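Working notes, structure below.
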Amino acid sequence: MVRKTTEKTEDATVALTETEDETAALTETKFSKDELLAIPSLTGATRDILSIALSDTQKYTYNEALKEADKFKGGLF
């Protein structure tokens, strides 16, 4: 979650750094299917595809989950 701020430019740099840290954590940490589906930045369509494409028993990094969704779609859209 990014800290909301209306302070000076220095705080904008802090917010950007926090966002980069969260992105790095998403790409390196393994998540269960339910944890991935709870990520607020996922669109409805992506969330629906992930709910079908991912196994309930496996853990995935964010990027691995997106690759599984792409494999499931098979070029449909």
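Being a predicted model, the structure only gives us computed values, none of them experimental.
For Ile49 against Ala69, the heavy-atom pair with the smallest separation is CG2-CB, 3.7 Å. Across all their heavy atoms, Leu54 and Glu68 have their closest contact at CD2-CB, 3.7 Å. Considering all non-hydrogen atoms of both residues, Phe72 and Ala53 come closest at CB-CB, 3.6 Å. Pairing each heavy atom of Glu35 with each of Lys59, the nearest pair is OE1-NZ, 4.4 Å. Closest approach of Leu36 to Tyr62, counting heavy atoms only: CD2-CA, 4.2 Å.
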Inset, instruction - Output, in order, the C-alpha distance, side-chain angles, deciding distance and verdict of side chain to side chain contact (heavy atoms under 4.5 Å, CB included) for Leu66 and Thr46. - result: CA-CA 8 Å; Leu66 293 179; Thr46 302; 4.1 Å; yes
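A side-chain donor-acceptor contact under 3.5 Å links Lys33 to the backbone of Ser51.
Using a 4.0 Å cut-off between a side-chain N of Lys or Arg and a carboxylate O of Asp or Glu, Asp70 and Lys67 do not qualify as a salt bridge.
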